[in-house]
> 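Got a structure for you, written out below as structure tokens; questions coming shortly.
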There are 2 protein chains.
Amino acid sequence: MLKAQFDHTNCSDCPIRHRAVCAHCDADELEELEDIKYYRTFEAGQTIIWSGDQMNFVGSVVSGIASLTQTMEDGRTQMVGLLLPSDFVGRPGREAAPYDVQATTDVVMCCFRKKPFEDLMNTTPHIAHRLLQMTLDELDAAREWMLVLGRKTAREKIASLLSIIARRDASITPKDKPASIVFDLPLTREAMADYLGLTLETVSRQISALKKDGVILLEGKRHVTIPDMRRLMEEAGDDSDGGFLV
Amino acid sequence: MLKAQFDHTNCSDCPIRHRAVCAHCDADELEELEDIKYYRTFEAGQTIIWSGDQMNFVGSVVSGIASLTQTMEDGRTQMVGLLLPSDFVGRPGREAAPYDVQATTDVVMCCFRKKPFEDLMNTTPHIAHRLLQMTLDELDAAREWMLVLGRKTAREKIASLLSIIARRDASITPKDKPASIVFDLPLTREAMADYLGLTLETVSRQISALKKDGVILLEGKRHVTIPDMRRLMEEAGDDSDGGFLV
DNA sequence: CAGATACCTTGACTGAGATCAAGTGGAAGC
DNA sequence: GCTTCCACTTGATCTCAGTCAAGGTATCTG
């Protein structure tokens with residue numbers, strides 16, 4: 001069942017080589033990383049790290065999608081981060097994990113044992129610097145999301161999520177066709193609800209409404225076409241051009 | 001009107017010396033910082049940085065409280081960060097500011113011109129490392145807040161905010177009296193609403209309700225006493241001991 | 001093939017919080 | 001002392017999203 005697209009073993013062939021925490025490393029530094037890295041795969045639905053657990057590794061998502069979630073005692077859950085390929089997992093300098101990390105799809109991770117990685121960080125400014133930039137980007141994304149959670153309507157929330165996923169895909173697929181964007185939703189309705197602070201019924205209703213109004217086209221339950229990205233952005237409440245990040 | 005508690009000019013006397021971005025700097029490094037630093041004061045209500053503006057400085061909050069806010073075209077606003085003394089403002093490596101930064105109370109900032117600070121960061125691992133830790137802390141706080149915004153009830157939101165403010169004060173005032181905590185709210189009802197994703201009427205109603213139920217005591221509109229911190233934490237939905245940061 | 005399961009949709013009703021509106025209390029200004 | 005203003009409170013009503021419930025569809029299993 002786990003058919004990981006996982007056919008490289010050294011960093012130079014790595015699909016996230018130029019975007020992950022190792023992006024700015026030179027050949028020597030990469031060699032040091034090679035020594036402490038190992039790959040792990042996780043099936044969709046599996047928990048990668050439990051909140052409160054000791055973290056003994058950090059690493060990068062190579063392929064697939066993982067999510068960070070917080071859960072209250074009574075079961076209410078909120079997704080607080082979506083980890084895409086090249087995103088970093090774990091926190092140098094902290095013992096215990098603050099959130100659950102779950103594999104939303106099948107996931108391949110490039111892991112580093114925590115202690116050696118921390119040592120390497122202290123001697124390799126390229127890594128520390130890159131990690132700071134990535135963390136600042138994540139902080140911006142988290143704050144962007146706070147606006148979505150705090151002030152947007154259900155319809156705007158769905159549109160916001162779709163536009164984030166669409167934009168991510170757009171950055172991977174050619175940019176010269178901004179006309180119509182096509183992608184598969186990597187999340188179930190329930191996962192979307194957890195991300196958006198909604199119930200899955202509301203998610204379903206709003207997706208149906210956006211479909212009825214022609215903002216999106218649906219084929220099956222997951223295959224989405226955005227005929228007019230500008231229209232979607234308006235529905236999301238992010239007027240026009242304002243670019244924000246995943 | 002602006003009576004800044006601002007009676008130091010060199011770093012060794014600085015009240016945030018041990019907690020700000022300069023915390024780990026040694027004497028030599030501090031001297032370099034002294035050369036590029038300058039102080040600015042802002043009155044309550046003043047905007048320190050406008051979203052989209054070129055940022056030509058970064059810096060630390062020395063005293064007072066500032067807030068990061070995002071605003072939609074139709075006027076809906078969401079506060080996405082609360083900056084307390086020692087918190088860092090600005091983002092090395094980015095040109096434009098992503099949010100408005102506003103002085104909630106009178107604020108004193110220790111500013112560094114951006115370019116020299118970036119240069120210094122590249123040559124001073126102590127600063128870069130400290131900034132990474134602070135950014136990771138802020139990211140944790142932002143994600144904690146996402147749970148509040150996405151999944152908590154109005155009453156729980158208010159209790160969460162009060163417990164954050166109480167905990168911050170507790171970390172400044174002596175710890176040996178966990179029995180009853182007293183502080184002044186540094187935010188208007190409207191600012192609380194913007195932070196919590198509520199309306200100011202709902203904030204007012206829930207504060208009244210918590211008062212009526214004996215969870216808090218109010219003297220005037222701003223002076224709060226928490227007779228039983230554990231009770232407040234329960235109301236916030238953060239069961240018992242689970243510690244989280246400002 | 002029947003039955004189970006996971007994921008999704010839709011409908012009817014409810015309720016928490018928003019909205020609209022009026023009023024209170026205290027400080028500042030004339 | 002009176003007015004004005006601002007921050008806040010309280011009440012009445014409305015509405016959006018939650019809750020509860022039923023049903024649909026595709027995939028998997030024995």
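If you're wondering where the values come from, they're calculated on a predicted model, not measured in any experiment. Lettering follows sequence order; numbering is per chain, from 1.
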> Looking only at non-hydrogen atoms, find the nearest pair between B:Val101 and B:Ala66 and report the distance.
CG1-CB, 4.3 Å

> Quick one, B:Arg94 with A:Asp137, criterion side chain to side chain contact (heavy atoms under 4.5 Å, CB included). Give me CA distance, side-chain angles, the key distance, then yes/no.
CA-CA 10 Å; B:Arg94 173 154 299 184; A:Asp137 283 342; 3.4 Å; yes

> I need a per-nucleotide contact map over nucleotides 15-20 of chain C, read 5' to 3'. Cutoff is protein heavy atoms under 4.0 Å; write B for the base, S for backbone only, - otherwise.
--SSBB

> Rounded to 10°, tell me the angle between the two end axes of the helix from C:dC1-D:dG30 to C:dC30-D:dG1, each built from five pairs.
30°

> Could you give the NZ-to-C1' distance, from A:Lys211 to C:dT9, as a whole number of Å?
10 Å

> Measure CD1/A:Ile207 against P/C:dC7 and give the value in whole Å, please.
15 Å

> Roughly, in whole Å, what's the span from CG in A:Leu187 to C1' in C:dA6?
16 Å

> Hey, are the side chains of B:Val80 and B:Trp145 touching, using non-hydrogen atoms and a 4.5 Å cut-off?
no

> Are A:Leu82 and A:Arg168 packed together at the side-chain level, in the sense that at least one heavy-atom pair is separated by less than 4.5 angstrom?
no

> Without decimals, in angstroms, what is the distance between A:Lys221 NZ and C:dT9 C1'?
7 Å

> Taking 5' to 3' order, which nucleotide of DNA chain D is first and which is last to have an atom within less than 4.0 Å of a heavy atom in chain B?
D:dC8 to D:dA12

> Under the criterion side chain to side chain contact (heavy atoms under 4.5 Å, CB included), which of B:Tyr39, B:Tyr38, B:Phe42 is the partner of B:Met109?
B:Phe42

> Any side-chain heavy atom of B:Leu200 sitting closer than 4.5 Å to one from B:Met192?
no

> Quickly work out the A:His223 NE2 to C:dC8 P distance and round it to whole Å.
16 Å

> Nearest whole angstrom, please: distance from the P of C:dC8 to the CD1 of A:Ile158.
12 Å

